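Beneath this line is the structure, given in structure tokens, with notes to follow.
Computed from a predicted model, the values in this text were never measured in an experiment. We use all heavy atoms of the structure for the numbers below, so side chains are in, but hydrogens, waters and symmetry mates are not.
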Amino acid sequence: YLTNTHAAFYDGETLVGYAPINTGLFASSKVSGKTVKLTKDVATSTYLNVTKSFTLDLNDHNIVCTPAKVDATIYTKGTTSAPVELTIKGEGKISCADHGEGCNAIQVGNYSTVNIEGGEFSVPGDNTTIYMLATAGNSVVNISGGKFESGDGKYVLNMKDDCRDHNKFNVTDGTYV
């Protein structure tokens, strides 16, 4: 379920159209290589699956995953033949509501590069803001800006133990609470 929200698609500086945000949009060829600029806030009860490379401009809007048994608001997952690169920029917030089980603002799966240049990322309680769980592929999170907040301040950036040998976080800036 997603509310009636839309995003504008840009190829460089050229507007190429609008589309509703839905669970399959970030996995469609429609976004591949484009900039997706939010035009409204997004409320979802399921994660947004990212399997294509694109730039997400929050454009002063928010994405929130409301209570449901969902592990993450945004989940990235590439393959050896089609790795994923997601760049997040602009002001706005990516968060999840507390539903009593683990929830991450972003969960990074296999063969993914996530570049965070701006935005705010927050989760309640003892959840993790950005969680790396890429067990099969080399994934990386590059952070050059943004604010990261975990409800208890305990797990802001976290990596699954068996992922430590082949994945990494590169942090050059940002605020961590």
Side-chain angles (χ1 to χ4, degrees), residues 2-3 5-10 13 18-23 25-27 31-66 70-78 84-98 102-109 112-125 127-134 139-159 167-177:
L2 291 159
T3 60
T5 42
H6 293 331
F9 292 86
Y10 289 85
E13 297 294 318
Y18 293 90
I21 299 284
N22 59 49
T23 57
L25 179 65
F26 295 159
V31 300
S32 192
K34 306 273 189 307
T35 295
V36 177
K37 185 181 281 192
L38 296 183
T39 58
K40 295 181 181 179
D41 289 348
V42 176
T44 179
S45 60
T46 186
Y47 66 87
L48 300 175
N49 189 30
V50 175
T51 62
K52 301 293 182 194
S53 296
F54 66 97
T55 296
L56 175 61
D57 184 345
L58 296 173
N59 192 34
D60 293 316
H61 294 288
N62 305 316
I63 301 174
V64 62
C65 187
T66 56
V70 176
D71 292 337
T73 301
I74 293 178
Y75 176 67
T76 66
K77 185 177 181 182
V84 169
E85 184 169 355
L86 172 64
T87 299
I88 300 172
K89 67 180 190 175
E91 297 302 315
K93 188 175 195 177
I94 297 174
S95 63
C96 63
D98 194 1
C103 182
N104 317 113
I106 299 176
Q107 209 170 72
V108 182
S112 297
T113 298
V114 178
N115 304 305
I116 300 175
E117 299 172 358
E120 185 176 335
F121 306 84
S122 82
V123 292
N127 295 298
T128 302
T129 309
I130 310 294
Y131 185 53
M132 175 86 69
L133 82 130
S139 292
V140 63
V141 175
N142 299 305
I143 300 174
S144 61
K147 180 179 178 184
F148 304 84
E149 184 174 8
S150 176
D152 67 1
K154 192 172 172 182
Y155 302 108
V156 178
L157 305 177
N158 197 6
M159 186 180 298
N167 300 293
K168 62 184 171 179
F169 284 98
N170 296 316
V171 178
T172 58
D173 204 355
T175 303
Y176 303 86
V177 182

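The minimum heavy-atom distance linking S45 with C65 is given by the pair C-SG, 4.2 Å. Shown here for G125 and S150, the closest heavy-atom pair between the two residues is O-OG, 3.5 Å. Taking each heavy atom of A134 and G109 in turn, the nearest pair found is CB-O, 3.3 Å. Closest non-hydrogen pair, T76 versus S112, comes out as OG1-OG, 3.1 Å. When all heavy atoms of K52 and V50 are compared, the closest pair comes out as O-CG1, 3.5 Å. D173 and S144 make their closest contact through CB-O, 3.3 Å (heavy atoms, listed as atom of the first residue, atom of the second, distance).
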- Start with the C-alpha gap between I143 and Y176, add the side-chain angles, then the distance that decides, and say whether side chain to side chain contact (heavy atoms under 4.5 Å, CB included) holds. CA-CA 11 Å; I143 300 174; Y176 303 86; 3.2 Å; yes
- Query: Between I130 and V108, is a side chain to side chain contact (heavy atoms under 4.5 Å, CB included) present by the stated rule, with each step listed?
  - Reply: CA-CA 8 Å; I130 310 294; V108 182; 4.3 Å; yes
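Within the 4.5 Å cutoff, side-chain heavy atoms of I74 are placed close to those of L86. At least one side-chain heavy atom of I88 sits under 4.5 Å from a side-chain heavy atom of I106. Using a 4.5 Å cut-off on side-chain heavy atoms (C-beta onward), L56 and I63 make contact. Residues L133 and N104 are not in side-chain contact: their nearest non-hydrogen atoms beyond the backbone lie 4.5 Å or more apart.
Within a 6.0 Å sphere centred on CD of E91, heavy atoms belonging to other residues, nucleotides or ligands number 12 at most. Environment of NZ in K34: crowded, with over 12 heavy atoms of neighbouring residues, nucleotides or ligands closer than 6.0 Å. Annotation: Y155, atom OH; neighbour count of heavy atoms from other residues, nucleotides and ligands within 6.0 Å does not exceed 12.
Taking CG of N158 as the start and CD of Q107 as the end, the distance is 11.0 Å to the nearest 0.5 Å. Taking CG of N115 as the start and NZ of K89 as the end, the distance is 12.0 Å to the nearest 0.5 Å. Distance check, rounded to the nearest 0.5 Å: OH of Y131 to CE of M159 gives 10.0 Å. The structure places CZ of F148 at 8.0 Å from OG1 of T129, a figure rounded to the nearest 0.5 Å. To the nearest 0.5 Å, atom CE of residue M132 and atom OG of residue S139 are 5.5 Å apart. Atoms NZ and NE2, from K37 and H61 in turn, are 9.5 Å apart once rounded to the nearest 0.5 Å.
For the side-chain contact (heavy atoms from CB on, under 4.5 Å) with N62, the lone residue among L38, D41, I94, V42 that qualifies is D41.
A distance-only check finds no donor-acceptor pair linking the side chain of T87 to the backbone of T55 [under 3.5 Å]. Checked by atom type and distance alone, the side chain of S53 never pairs as donor or acceptor with a backbone atom of G33 at under 3.5 Å. Of the possible polar contacts, none joining the S122 side chain to the E149 backbone as a donor-acceptor pair under 3.5 Å is found.
Classification of the Y75-Y47 ring pair by plane angle, with boundaries at 30° and 60°, yields perpendicular.
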